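For reference, the structure is listed below as C-alpha cells.
Not measured: the values here are computed from a predicted model.
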Amino acid sequence: MLQQAKPPREVIGSYWEASVDQPRLDRQLMGNALFDVAVVGAGYAGLSAALKLARSGVSVCVLEAEHVGYGASGRNGGFCCIGGTTLDQHQLIRKFGLDEARRFLAYQVAGINLVAQRLEAWGVDADCHSSGETVLAHRPRDAETLKSEADFLKENFGMKARLLSKEALGEEGYGGAGFHGGMHVPYGFALNPMKYVLALAGELRKAGGSIFGKSPVTNLTRDGERWHLETEHGYVRARKVVLAGNGYARETAPKWLYGRTLPAMSSIQVTRPLSDGELADQGWTSQTMAADTRVLLHYFRLLPDRRFLFGTRGGIFETEPALTTMRKHARSDFESMFPAWADVETEYSWHGNVCLARALTPFVGAVPGMEGVYAALGWHGSGIAMASISGEKLAGLITGALTQDDLPVPLRQPLKKFPLPLFRKLYLQGAYWFYGWKDR
C-alpha cells in the first residue's frame, strides 16, 4: 500500500532555490510497489530516462533520496555546454580514433540541442542567455595554446571557434585581471538549472511516471525475474533498473558501484545585483558564460538579473572547517580576478558533487553481470546536456529501440574501480596539489 508522507524539504542555500517557488515535494514510498522500470536518482539522467520510458508506455518510477533538484542537477552553474569528460579532443582522438571523437562531439552538441528543444516545447522560461562559451587564457602562453586549439578544432571537427585578443576581450566586455586572450566556442547556452530540472520532473508526472522523494535505495537484490529495491519504508519490484545517482549515488546499492566513481566538490558563489557603475568599473558586461584555462578551472557568468556567478573546483572533504576554507579560497580567487568587485557582497554560497570516473569519460549502458540493470553517470562536472541525452539513450537501450553500438565508443566503457578505493579522496588531494602547481 502506498501512503502519502512528505518529510521536511532539505535546503541547499543556493541562489537557484531562491529563484523559484517552493517546488512540489513528492510523496515518500510507503509499502510495496510494482513497476516495469525503477530509476534511482531524480536528476537530469534519471528523469530523462523515465520520461522517455513513460512516453513509450512503460510503467516507471523514480526513487530519490531527497527531492527533485537536491543533487547536482539543482546545484550546478547552469552551463549547458560541451563536456562530460576531462579528456580533451587530442586525448580522445589518441584513445578512440578521430571518427569516434567526432561522434562523441556530435553527441554532446545533440545534448545541448535537446535541452533547448525541451525548454521551447514545454514553454519553460529558464532564464536562458549566452550564445556559446568563451575560454579565457589565464597565462600569456595559454593564449598561444588557444590559437593552436582553434586551428586544430577547425581542421579535425569543422568547429569555427573564434579567437579573441587581449584587446578584444576588453572591447567585448570580458574585463578581468590576468586574462590574456580567449576562444569563443559556438555551442551551448546558460540557464537556470533548477527551473529546468523541475520542469523535467513535471513532464514526467504528466506522462504518468511516479516520483518518490525521501526514498533512498538501501539495497538492490535479485528477486526471481525482478529486482528488489529496498527503501526505508517499503520496496519496489521492477524488471529493469536504472542507476542515475551520479556523484550522489549510494555505493552499496548495488555493491557493484563501490569504488567506481569519485565524487569531487565544486563550489559556487553568487553576488548581489551589480550596478551599471560596478559593471563598468570592472569592464565585465558580457552575457556569455566563461571559464579559464586552469585545470582546476574557475567558471563564471553574469546572470540576467546582473548578479555574478563564480564557481571553483578543488574541495575534498565536507567537514565544516574544510568547507569554510574552500569558500574563503573561492572568494579570494574571485577578488583577485575581479578586483573592482572586492567589496561586492556574496549573497549565496553553496557546493555540490561532480562525479569522476577512472577512465575520465561517462558510462551509459548495461551494468556487467547484472542482467536488467543499466547506468548513466560520470559527467565530470558538465552534465546538463550529456545527462539529458544519455538518459534518453538509456531508455532506448532498455526498450530495444537502440543497441550499445548506437552510442559513441567513449560512452560504452563500463566503470572500472579506482585503485585502493578507500583512499580515493586522499590521492585526489594529491592530484589537486599537482594541478594547482601546474596552473601557476
Side-chain angles (χ1 to χ4, degrees), residues 1-14 16-75 122 124 193-221 223 226-246 248-250 252-254 352 373 376 387 391 395 398:
M1 179 179 178
L2 300 179
Q3 302 174 8
Q4 297 286 335
K6 296 183 180 180
R9 179 172 178 260
E10 292 291 330
V11 176
I12 301 165
S14 72
W16 309 130
E17 283 180 328
S19 71
V20 298
D21 295 332
Q22 184 163 324
R24 170 177 171 173
L25 289 181
D26 295 288
R27 69 184 185 271
Q28 193 174 29
L29 177 68
M30 305 290 287
N32 310 328
L34 189 69
F35 290 91
D36 294 329
V37 180
V39 177
V40 183
Y44 302 130
L47 293 172
S48 294
L51 177 59
K52 187 76 170 180
L53 290 167
R55 288 179 171 174
S56 301
V58 176
S59 69
V60 59
C61 75
V62 178
L63 297 166
E64 165 58 38
E66 288 294 342
H67 58 262
V68 173
Y70 178 80
S73 295
R75 301 186 188 219
W122 301 343
V124 178
M194 184 69 80
K195 291 184 177 181
Y196 170 45
V197 73
L198 293 180
L200 185 51
E203 291 298 315
L204 173 59
R205 297 185 192 104
K206 290 179 188 176
S210 299
I211 303 174
F212 297 106
K214 290 286 186 178
S215 302
V217 176
T218 57
N219 199 17
L220 175 62
T221 55
D223 182 10
R226 293 181 178 270
W227 288 95
H228 180 106
L229 296 90
E230 188 174 339
T231 69
E232 183 180 3
H233 298 293
Y235 64 83
V236 169
R237 294 179 69 240
R239 293 189 181 280
K240 295 185 179 180
V241 175
V242 172
L243 305 176
N246 207 42
Y248 291 83
R250 183 186 292 258
T252 57
V373 178
I398 290 171

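- The residues E203 and R55 are annotated as salt-bridged, a charged nitrogen and a carboxylate oxygen being separated by less than 4.0 angstrom.
- Between Y70 and Y248, the ring planes are perpendicular. Angles over 60° get that label, and only those under 30° would be called parallel.
- When all heavy atoms are compared, the tightest approach of L29 to H233 is O-CB, 3.5 Å.
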E232 and T218: CA distance, side-chain angles, deciding distance, side-chain contact (heavy atoms from CB on, under 4.5 Å) verdict: CA-CA 7 Å; E232 183 180 3; T218 57; 5.8 Å; no
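- The line from CD of E17 to CD of Q22 is 9.5 Å long, rounded to the nearest 0.5 Å.
- Here CZ of R27 is found 9.5 Å from OG of S215. Values are rounded to the nearest 0.5 Å.
- Within the 4.5 Å cutoff, side-chain heavy atoms of R226 are placed close to those of L34.
- For the atom pair L47 CG and E64 CD, the distance stands at 8.5 Å (nearest 0.5 Å).
- We find the CD-OG1 distance between Q28 and T231 to be 7.5 Å, quoted to the nearest 0.5 Å.
- Judged purely by atom type and a 3.5 angstrom limit, D26 has no side-chain atom pairing as donor or acceptor with the backbone of G213.
- In summary, of the residues considered (V242, L243, L51), a side chain to side chain contact (heavy atoms under 4.5 Å, CB included) with V39 occurs for V242 alone.
- Tested against F35, the residues V62, V236, V60 include a single side chain to side chain contact (heavy atoms under 4.5 Å, CB included) partner, V236.
- Residue V68 comes nearest to A42 through the heavy atom pair CG2-CB, 4.0 Å, listed as atom of the first residue, atom of the second, then distance.
- Annotation: the span from T221 atom OG1 to H228 atom NE2 amounts to 5.5 Å, rounded to 0.5 Å.
- Taking all atoms of both residues into account, the shortest heavy-atom contact from F212 to C61 is CE1-CB, 3.9 Å.
- Between R250 and P216, the shortest heavy-atom contact is NH2-CB, 3.7 Å.
- A201 approaches I211 most closely through the heavy-atom pair CB-CD1, 3.9 Å.
- Identified under the side-chain hydrogen bond (donor to acceptor under 3.5 Å, both in side chains) test for residues 41-50, with sequence neighbours left out: Y44-N76, S48-R118.
- Here the CG atom belonging to D36 is positioned 3.0 Å from the OG atom belonging to S59, to the nearest 0.5 angstrom.
- In this structure, V20 and K195 have side chains that are in contact, with non-hydrogen atoms separated by less than 4.5 Å.
- Taking every heavy atom of both residues into account, G209 and A54 meet most closely at N-CB, 4.3 Å.
- In this structure, V124 and Y196 have side chains that are not in contact, with every pair of non-hydrogen atoms separated by 4.5 Å or more.
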